[in-house]
**Q** 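After the structure tokens below, expect a handful of questions from me.
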Number of protein chains: 2
Amino acid sequence: MTDSNPNIFKTVVPERRGTTSAEVVIQLRGMIHRGELRPGDRLPPERDLAKLLGVSRPTLRAGIRSLAAVGVLQSRQGAGTFVVESDGPPSLDSSPLSLMASLHGCTSGEMFEARRALEMAVAGLAAERAKGEQMATMAEEIAGMYASLEDPEQFLIHDVRFHQAVAAASGNRILTALMNMVAKVLFDIRIKTVNRATDLKESAEMHRRIYRAIREHNPEAAREMMQDHLIRAQRGWELEDESDLPSTSSDNDANDNGASRTL
Amino acid sequence: MTDSNPNIFKTVVPERRGTTSAEVVIQLRGMIHRGELRPGDRLPPERDLAKLLGVSRPTLRAGIRSLAAVGVLQSRQGAGTFVVESDGPPSLDSSPLSLMASLHGCTSGEMFEARRALEMAVAGLAAERAKGEQMATMAEEIAGMYASLEDPEQFLIHDVRFHQAVAAASGNRILTALMNMVAKVLFDIRIKTVNRATDLKESAEMHRRIYRAIREHNPEAAREMMQDHLIRAQRGWELEDESDLPSTSSDNDANDNGASRTL
DNA sequence: ATCACGAAATGGTCAGACCTTCTATAAGAA
DNA sequence: TTCTTATAGAAGGTCTGACCATTTCGTGAT
């Protein structure tokens with residue numbers, strides 16, 4: 001029985017700062033921050049919880065939905081509502097970032113640059129702190145890359161896992177989550193293009209150079225290798241589709257990046 | 001009349017991949033990505049939009065609420081539902097990050113480190129790209145700091161605005177948004193503690209050093225100055241409350257940061 | 001012409017019902 | 001006895017309809 005103790009929820013709506021559903025969100029969020037709701041916990045059924053909190057079921061559902069939208073709760077029809085289980089690295093939903101980029105007309109160049117900044121920071125930290133087991137994981141993924149030089153799809157899997165291994169070795173879950181969020185947005189764009197096989201062998205060797213820098217606990221080198229790798233990856237991606245841009249856009253003067261495709 | 005053309009919404013639910021409300025989210029999100037919904041636009045009334053999309057009003061409301069939770073839409077009772085207007089820098093809601101940190105037991109040290117990485121990256125870019133007007137804004141905020149050495153509250157305002165000015169000068173709105181998100185989480189924690197006046201004069205001078213490095217287009221120096229500044233700020237914050245930690249926690253071995261207070 | 005009032009518009013909440021999906025328990029077969 | 005299958009309950013998803021709270025804007029009085 002993983003259900004939380006129902007008496008925790010006795011805190012009915014005391015005052016109304018804003019709307020009632022906003023109050024529900026505040027209540028639930030507070031329970032999580034206070035540790036009364038832990039990952040994997042199942043919330044009481046909506047009908048019961050609504051009574052406990054003193055609100056109607058639609059209002060409670062509105063609050064639950066708000067927290068589900070940001071990836072904190074997860075409702076499964078017929079099963080219940082759960083606090084999201086965190087197996088693996090912590091993660092943030094990428095859709096808010098993606099939507100924000102669309103609303104502001106951000107360019108893919110800015111997104112690439114953000115990823116570069118995060119990955120460089122993470123690589124530097126990993127070079128300072130990586131433990132033996134984490135080193136081994138990275139090395140294994142690189143071996144997997146070399147073994148998949150003829151299979152771009154498989155290569156990509158090892159590529160992604162290597163970067164996650166580096167992030168894990170950094171020991172900073174906040175940066176890891178941010179990095180994955182940005183990477184996910186770029187991945188969702190990239191997946192639309194045909195996966196034209198770029199030079200996988202060169203890519204594998206760049207990854208190996210990153211690994212060696214981390215292995216030798218050389219943060220500066222790790223950052224530099226990571227930067228080289230990502231700049232080259234970006235360039236390769238930009239060359240893949242030069243058929244969409246009708247003319248050179250010139251409304252944004254703050255970026256000297258190559259790609260100015262609006263997201 | 002800022003209402004969007006209603007015929008855009010004629011795209012009723014064609015197929016059901018998941019739940020109906022999820023389909024609504026997909027529809028609305030697609031309109032934003034495609035630029036059919038622009039910042040500041042008002043959506044049709046819920047009752048009308050529900051008919052247009054072929055769903056009931058509660059279902060539509062569920063979808064709207066999901067997008068409102070991630071800061072894309074905003075509903076005002078009596079007025080309508082609007083696509084969030086983006087005056088000023090693009091921003092992301094910080095509560096998902098805050099909740100994620102709580103769920104995973106992340107430490108404030110990790111959060112500080114993430115901020116440091118982002119601010120350093122931003123400072124480096126600002127040093128490469130800052131234009132004259134942006135330089136002027138930074139300089140003004142520094143002047144404001146020196147003018148508020150006796151008024152910690154006012155000083156803090158200029159402090160925050162200086163960092164935002166640097167971010168704006170970086171020309172990367174993605175990094176700016178991420179930086180602000182992390183900074184907001186830290187600010188919400190810090191606001192709970194008494195704002196014991198640390199050495200404001202020294203702080204102002206560190207900001208001035210950051211500014212000078214940016215002014216001279218010296219990215220390395222800008223990064224280094226920013227790092228110094230933030231490390232010192234973190235240290236000062238940690239010294240402010242040493243009365244809460246009962247004993248030295250030792251369950252997380254991946255961080256050699258000072259503060260290991262769980263968020 | 002200006003200001004105050006009120007009606008219409010619009011999102012927020014509630015109630016109750018029904019459907020869809022999942023889970024767990026119990027019955028039946030190997 | 002053990003494994004498989006069927007069934008009933010539980011839980012979230014959706015719908016209809018109504019009413020409340022707030023905002024907006026037009027109309028009327030001053």
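Each chain gets a letter, A, B and so on, in the order its sequence line appears, and its residues count up from 1.
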**Q** If you check every side-chain atom of B:Arg47, which of C:dT20, D:dT14, C:dG11 has the closest atom?
**A**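 For B:Arg47, the side-chain atoms sit closest to C:dG11.
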**Q** Between A:Lys131 and A:Glu133, is the closest basic N to carboxylate O distance under 4.0 Å?
**A**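 Answer for the salt bridge query: no.
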**Q** Taking OP1 and OP2 of C:dG16, is either one under 4.0 Å from a side-chain nitrogen or oxygen of A:Arg57?
**A**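 Answer no for this pair, as no side-chain N or O of A:Arg57 is under 4.0 Å from OP1 or OP2.
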**Q** Under 4.0 Å: is that the gap between some side-chain N or O of B:Ser75 and OP1 or OP2 of C:dG11?
**A**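 Answer no for this pair, as no side-chain N or O of B:Ser75 is under 4.0 Å from OP1 or OP2.
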**Q** Distance check needed: D:dA10 C1' versus A:Leu49 CG, whole Å only.
**A**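 Distance check: A:Leu49 CG to D:dA10 C1' gives 16 Å.
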**Q** Could you pick out which residue, A:Gln77 or A:Ala62, lies toward the 5' side of DNA chain C when each is mapped onto its nearest nucleotide?
**A**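 Result of the comparison: A:Ala62.
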**Q** Once you round to the nearest 0.5 Å, how far does CE of A:Met181 lie from CG of A:Leu97?
**A**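 Interatomic distance, A:Met181 CE to A:Leu97 CG, rounded to 0.5 Å: 5.0 Å.
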**Q** Considering only side-chain heavy atoms of B:Ser56, which listed nucleotide, D:dA11, D:dC15, C:dT13, is closest?
**A**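 The closest nucleotide is D:dC15.
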**Q** Do the side-chain N or O atoms of B:Thr59 get closer than 4.0 angstrom to the phosphate oxygens (OP1, OP2) of D:dC15?
**A**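 Yes, because at least one side-chain N or O of B:Thr59 sits under 4.0 Å from OP1 or OP2 of D:dC15.
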**Q** Quick one: B:Arg65 CZ to C:dG11 P, roughly how many Å, whole number?
**A**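 B:Arg65 atom CZ is separated from C:dG11 atom P by 13 Å.
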**Q** Look only at the side chain of B:Glu110 and the backbone of A:Arg173, and say whether a donor-acceptor pair between them is shorter than 3.5 Å.
**A**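 A pair under 3.5 Å: yes.
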**Q** Is there a side-chain polar atom (N or O) of B:Arg61 under 4.0 Å from OP1 or OP2 of C:dG11?
**A**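 B:Arg61 to C:dG11 OP1/OP2: no side-chain N or O under 4.0 Å.
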**Q** Measure from CD on A:Glu46 to P on C:dT20 and round the result to the nearest Å.
**A**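 One finds 18 Å between P of C:dT20 and CD of A:Glu46, rounded.
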**Q** Need to verify one output field. Residue with the more 5' nearest nucleotide on DNA chain D, B:Ala79 or B:Ala22?
**A**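 Per heavy-atom nearest nucleotide, the more 5' residue is B:Ala22.
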**Q** If you look at every strand shown and take non-hydrogen atoms under 4.0 Å, does A:Arg76 touch a base, only sugar-phosphate, or nothing?
**A**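 Result for A:Arg76 = sugar-phosphate.
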**Q** Please determine whether a side-chain nitrogen or oxygen atom of A:Thr81 lies at a distance below 4.0 Å from atom OP1 or OP2 of D:dG12.
**A**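 Indeed, a polar side-chain atom of A:Thr81 lies that close.
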**Q** Find the distance between NE2 (A:His33) and CG (B:Leu103) and round it off to the nearest 0.5 Å.
**A**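 It comes to 8.0 Å.
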